[in-house]
Amino acid sequence: MEIRSRVRDWLLANDPAFSRLRQATRITATIVSSVLLLMAFHYLVAPLPPAAYGLAVSLSIEGGLAVRDRTHGEQLVTRVIAVVAGVSMVALASLLESHRYVSDVVFLLIIFLAVYGRSFGARWFAVGMFAFMSYFIGAYLRPTADQLPALFLGAAVSATVAHLVRTVLLPDNRYRDLMRAAASVQQRVDQMLEELLDVARKPMLLETDRTRLHRREERLKEAVLMAESFIPTENRRPEPEPGLASSDVVINLFDLHLAAESVIVLSLQAMPPVALIEAMLARNSAEIEAETTRIDRTNERLAETVKALSWLRNVRQRLAGSLAKLDEHDLDDPSEPESGRAATRLNLSFDNPALKSAIQITLAAGIAMVFGLMLSRDRWFWAVLAAFLVFTNTRSRGDTAVKALQRSAGTLFGIVVGIVAGTLVAGNIYLVLPLSALCVFLAFYFLAVSYATMTFFVSVVLSLLYSLMGVLTPELLQLRLEETLIGSIAGAAVAFVVFPTRTRTSLDLAIKSWCGELTGLLQAAKEGASGMALIVRSQALDRAYRDLAAAAKPLGVSWQLVTRPGHVRQTLAIFMGCTYWARVFARRVADEAVDPTFLSDIDENLALVRSIEEKGAGYFYDVGRVAGPVDRHLPISKDDAGLGLEMIGISLNRLHPAVG
């Protein structure tokens, strides 16, 4: 039991709410169950063509990733539409098999429609992915017309199993997921304290130590944001029902986040005693009290660090108490489902980002198709698949280039390992199938962490399946790598040349969003909004900062010559610091917004925010022009929103001169 508990604690600390574990398990269970059912039908009723298995596997993956409707009923409707669309695409590919040039043009048209359809909501994103993958399977495996009923069986079995896995075997449950996410938050607080303990034992604080502590702080932020996401927006409105248990959880999560950040901020200026941190980790109240009394009170900063640790301890206890009072019905979401609605109207102007994206991906797929055909008449589909996928979930040309590199690297290393693994198992079905299932699980478990890792495991799976079919050769895997490189290069090239979304443009939008949220927070405080309203505003600012950090990520890679990664991190640190001080301000400002001087300070900060929003992303490019750190600390003993407002202004001024 102790080992099981440790494994669970490790998983929670690294995978809040088991979200990655659940997604990987869902996809793996759907694939395995669908394949086993089809194999039973194959041996007991009638043989099935390979395309039936291929379609079932590909749709099992898309059914786990692309179906994002909020209710089970909407998910079922989406799956039915997607199956019909998928089988229709396979039938179309089969019908056009003897007309190769027409088939290729139709494939590109389907890619265009699949990408453009994403702008109409979650349902049509899923239908588009099903349509693309189904045509891909049809064109690649070339089923005959008489095999279409078997293909429909494969698609229907996959959709049915996926729905049962999602709704019965591994259903979403807000209450359970919130509890797991809250446990993850507590685990990450412990990890942060363990990191702090390691740093405190050193004779000198190094820059690498600061980086490690800030990394733990970011990981805690991720867990807190996930935990907050399981509390319906209706329950976080500015004026919630008095005593609402979920509102107490929101406030305590917010305070825990703020307290943990305060511990890091203050510890970097006055490191707490090792014995006190050890007592915190051991949850030893008597030892904590004893160590607290031994603190040198003449050292003001050390005293404040100790108060921050005490605050963190108290908030953790309050959070545990509010979670204990929570009932499943407290998390009921009264809002109307939105996922089946159209997100936008038909817009064929070049001002529409959805149209631009559809043109980009279709052109990249066309280029990949041409060069892929020059390399192989039978395997060129791999190039088109790579070109299509490197654009998925990217926001700029830098993002796309990074993903292309990751896909190519993952494929290369996956092929190397796949050759070894495939040779060792020698096509043994009793080894290939469980190893393939394990690799599928690992691929989708690590998808949210590393696209290259996901690609690596998928490449290993393909190598194992080739060994099972008796076609595993170095030449075949080399061809797969070459086709993948063609598709990746085509995608990256189009991203840089056709309707390019520069990383700077993406950053401009992210900064505008961040400034908008900060403006909303300051304006709400100026107008005397309630404490809960300001907390909600601060949470939105947190999410905007997370998007800003993601938009800046491509600037830190080695091929990016316009800036230095160190400068990018320094600039992000200023935005992060300002977000932190805004959290302090939001938590404590409700009783101070009536002070005329205070209102004047808010107006000054609003003017600074407007100026920064106008000047855009220059902070990340003007190397060396960002001001250095400010030597200030947070007086935990004092509920002072004025300090939070002052530090917001100082942070904004550190950014302001960077774009002179």
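Given the structure is predicted, the values throughout are model-derived calculations rather than measurements. Below, each value reflects all heavy atoms present in this structure, side chains not excepted, and no hydrogens, waters or symmetry copies.
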> Residues in salt bridge (charged side-chain N to carboxylate O under 4.0 Å, His left out) with D15, at least two apart?
Replying inline: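 Scan of D15 (salt bridge (charged side-chain N to carboxylate O under 4.0 Å, His left out), adjacent residues dropped) gives none.
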
> Within the distance-only criterion (no hydrogens, no angle test), does the side chain of N653 pair as donor or acceptor with the backbone N or O of G649 below 3.5 angstrom?
Replying inline: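 Yes: the side chain of N653 pairs with the backbone of G649.
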
> Does N252 reach the main-chain N or O of V249 with its side chain, forming a donor-acceptor pair under 3.5 Å?
Replying inline: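 The answer is no, because no donor-acceptor pair under 3.5 Å joins these two groups.
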
> When you check the side-chain N and O atoms of S262 and Y580, is any donor under 3.5 Å from an acceptor?
Replying inline: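 Checked: S262/Y580 side chains pair up, N/O donor to acceptor below 3.5 Å.
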
>> Testing the 3.5 Å rule here: is there a donor-acceptor pair between the side chains of R587 and S538?
In response: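 Per modelled atom types, R587 and S538 side chains form no pair under 3.5 Å.
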
Could you pull out all donor-acceptor pairs under 3.5 Å where a side-chain atom in residues 511-521 meets a protein atom, sequence neighbours excluded?
| from | atom 1 | to | atom 2 | distance (Å) |
| --- | --- | --- | --- | --- |
| W514 | NE1 | T579 | OG1 | 3.1 |
| T519 | OG1 | C515 | O | 2.8 |

Below 4.5 Å, heavy atoms only, C-beta onward: do [X] and [Y] meet side chain to side chain?
X: Q539; Y: R543; answer: yes
X: L170; Y: R166; answer: no
X: E289; Y: N284; answer: no

Hey, is [X] close enough to [Y] for a salt bridge, meaning N to O under 4.0 Å?
X: R316; Y: D255; answer: no
X: D177; Y: R174; answer: no
X: R537; Y: D542; answer: no
X: K325; Y: D248; answer: no

>> For the CG atom of L266 and the CD atom of E304, what is their distance to the nearest 0.5 Å?
In response: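 Spacing of CG (L266) from CD (E304) equals 7.0 Å.
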
> Out of curiosity, L281 CG to M192 CE, how far, rounded to the nearest 0.5 Å?
Replying inline: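 With rounding to 0.5 Å, CG (L281) is 9.5 Å from CE (M192).
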
> What residues, two or more places apart in sequence or in another chain, satisfy ring pair (Phe, Tyr, Trp, His ring centres under 6.0 Å) together with F446?
Replying inline: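 F446 satisfies ring pair (Phe, Tyr, Trp, His ring centres under 6.0 Å) with no residue once adjacent residues are dropped.
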
> Out of R546, R188, R20, which one pairs with E222 under the salt bridge (Lys or Arg N to Asp or Glu O under 4.0 Å) rule?
Replying inline: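 For E222, the salt bridge (Lys or Arg N to Asp or Glu O under 4.0 Å) test succeeds with only one of R546, R188, R20, which is R188.
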
